[in-house]
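In what follows, chains carry the letters A, B, and so on, assigned in the order in which the sequence lines appear, proteins first and then strands, with residues in each chain numbered from 1. Reckoned from all heavy atoms, side chains included, excluding hydrogens, waters and symmetry mates.
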Number of protein chains: 2
Amino acid sequence: MQLMNDTRLIFGESLHRLMHAYQRAMREGFRAHDIDLTVAQVRVLKCVAAADAPTVQGVAARMDSDRGQVTRAVAQLRERALVTQRDNTADRRMPLLAITSSGQARLARVIDIQAAAGRRMAGGLTDADVARFVAIADQMTDALHSDDGAVVDG
Amino acid sequence: MQLMNDTRLIFGESLHRLMHAYQRAMREGFRAHDIDLTVAQVRVLKCVAAADAPTVQGVAARMDSDRGQVTRAVAQLRERALVTQRDNTADRRMPLLAITSSGQARLARVIDIQAAAGRRMAGGLTDADVARFVAIADQMTDALHSDDGAVVDG
DNA sequence: CGCAGATCATTGACGCTGTCAATGAAATCG
DNA sequence: CGATTTCATTGACAGCGTCAATGATCTGCG
């Protein structure tokens, strides 16, 4: 139990610094390769590419993000002709998004950069380590979400 | 190697969502317990409490953060009388920071809240899992840092 | 059908965080 | 002593997350 306190207390700091370093690596990689996109725009672009019938609402849910934020990112991606939006006859409130071929090309380059960063980051780690890390991270995220409205009583 | 690509590509997304959920849990916990501090202020407060002869520069280095950002956080903590600043006779450019008893009391409450959030988050995980997670995270951060100026060549 | 409430995209406003540049004070090195 | 460096501080700005308001559209109910 003493161990738990020690470990849990540095946890937030470790997570914060890793996130920081990762975001910075992404930003630098994007800049070095003239990818004119922010991290958030890339996340949205990925979701649009991966989803079946992507809408702002769907992307926001998948990213656990604000709808307004997704709307803005989509607007910026549309300005760059990386994403299109067309009317949804089934529900006119939710236009359907789609990635363009331009967007797919850009995304392919982004994925290369991210893979390179991932390789750099996981230099001394095995695939099993990385997989374990991701599994633990997802489990933690789920635990926090399942408890969403719960009051934290110290 | 195909596994690696799969795992590494979702890695960023997992990390992002975990960070997001964690920050949100912290913010909500602080608000619920009337801790009138931001996440960054808490991080600085912790560093000041833990360091030997804390200065803005030292805290910034430890947090891998901008000096200006630390200066602002310190200013806010000083407004709340959680941190003090006194002249450093050895080097007058770098005033020495110190946590007040008020600050220590506040920090103790924060640590309780973070421990509770950690418990919630790591519900189904063993201490060993958490320790492993932290170890991997730190190793990744170091790997990214050691390579700092390196160009990412996809 | 017609109306009330719900859901959606969009927009505006605001705060926190991170980055960069400029300034002035103080130390260091020659 | 003078040039350079290091430091805290401040200002400006962008990215990101949150909240609230608006208007369009859908759904369910009488």
Participant: Enumerate the residues from residues 85-95 of chain B whose closest heavy atom to DNA chain D is under 4.0 Å, giving them by residue number; use none for an empty result.
Facilitator: B:Q85, B:R93, B:M94, B:P95

Participant: Distance check needed: D:dA14 C1' versus A:F30 CZ, whole Å only.
Facilitator: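 Nearest whole value for this atom pair: 16 Å.
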
Participant: Can you list the steps and then say if B:Q114 with B:K46 is a side chain to side chain donor-acceptor pair (under 3.5 Å)?
Facilitator: CA-CA 12 Å; B:Q114 292 191 335; B:K46 269 193 195 175; 2.6 Å; yes

Participant: Taking any atom closer than 4.0 angstrom to a non-hydrogen atom of chain B, what span of DNA chain C does the protein reach, first nucleotide to last?
Facilitator: C:dC16 to C:dA27

Participant: Roughly, in whole Å, what's the span from CG in B:L96 to P in D:dC7?
Facilitator: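 Those two atoms, CG and P, are 14 Å apart.
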
Participant: With nearest nucleotide decided by heavy atoms, which residue, B:R31 or B:T55, maps closer to the 5′ end of DNA chain D?
Facilitator: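 Going by which nucleotide is closer to the 5' end, it is B:T55.
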
Participant: Which part of the nucleic acid does A:V39 contact within heavy-atom distance under 4.0 Å: base, sugar-phosphate only, or nothing?
Facilitator: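 Sugar-phosphate only.
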
Participant: Going by number, which of residues 56-71 of chain A have a non-hydrogen atom under 4.0 Å from DNA chain D?
Facilitator: A:D66, A:Q69

Participant: Do the side-chain N or O atoms of A:T38 get closer than 4.0 angstrom to the phosphate oxygens (OP1, OP2) of D:dA14?
Facilitator: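 Looking at the OP1 and OP2 atoms of D:dA14, neither is under 4.0 Å from any side-chain N or O of A:T38.
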
Participant: Would you call A:R132-B:D129 a salt bridge at under 4.0 Å N-O?
Facilitator: yes

Participant: Using the salt bridge (charged side-chain N to carboxylate O under 4.0 Å, His left out) criterion, which residues pair with A:D66? Sequence neighbours excluded.
Facilitator: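 Testing A:D66 for salt bridge (charged side-chain N to carboxylate O under 4.0 Å, His left out), a comparison that skips the adjacent residues, returns none.
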
Participant: Does atom CZ of A:R92 have more than 12 heavy-atom neighbours from other groups under 6.0 Å away?
Facilitator: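 No, because the 6.0 Å sphere around CZ of A:R92 holds 12 heavy atoms or fewer from other groups.
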
Participant: How about A:V44 and A:Q76: do any of their side-chain heavy atoms sit closer than 4.5 Å?
Facilitator: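 Heavy-atom side-chain distance check fails, nothing below 4.5 Å.
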
Participant: D:dG17 P sits how many Å from B:Y22 OH, rounded?
Facilitator: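 Result: 17 Å.
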
Participant: D:dC16 P sits how many Å from B:H16 NE2, rounded?
Facilitator: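 From B:H16 NE2 to D:dC16 P: 7 Å.
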
Participant: If the condition is salt bridge (charged side-chain N to carboxylate O under 4.0 Å, His left out), which residues does A:R93 pass it with, not counting sequence neighbours?
Facilitator: A:D91

Participant: Show me the donor-acceptor pairs, under 3.5 Å and distance only, between side chains in residues 48-61 of chain A and residues at least two apart or in other chains.
Facilitator:
unit_1 : atom_1 : unit_2 : atom_2 : d
A:T55  : OG1    : A:G58  : N      : 3.0
A:Q57  : OE1    : A:R67  : NH1    : 2.9

Participant: Checking side chain to side chain contact (heavy atoms under 4.5 Å, CB included) for the pair A:V83/A:L45: CA distance, chi angles, key distance, verdict?
Facilitator: CA-CA 8 Å; A:V83 160; A:L45 188 59; 3.7 Å; yes

Participant: A side-chain contact here means heavy atoms from C-beta on lying under 4.5 Å apart; do B:R27 and B:Y22 qualify?
Facilitator: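 Contact flag for B:R27/B:Y22 side chains = no.
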
Participant: Check the pair B:R24, A:D64 against salt bridge (Lys or Arg N to Asp or Glu O under 4.0 Å), reporting the backbone distance first and the verdict last.
Facilitator: CA-CA 11 Å; B:R24 184 141 57 187; A:D64 188 25; 2.8 Å; yes

Participant: Given the rule that I, L, V, M, F, W and Y join up when any side-chain heavy atoms are under 4.5 Å apart, are B:M94 and B:L96 in one cluster?
Facilitator: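 No, because B:M94 and B:L96 fall into different hydrophobic clusters, even though each may have its own neighbours under 4.5 Å.
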
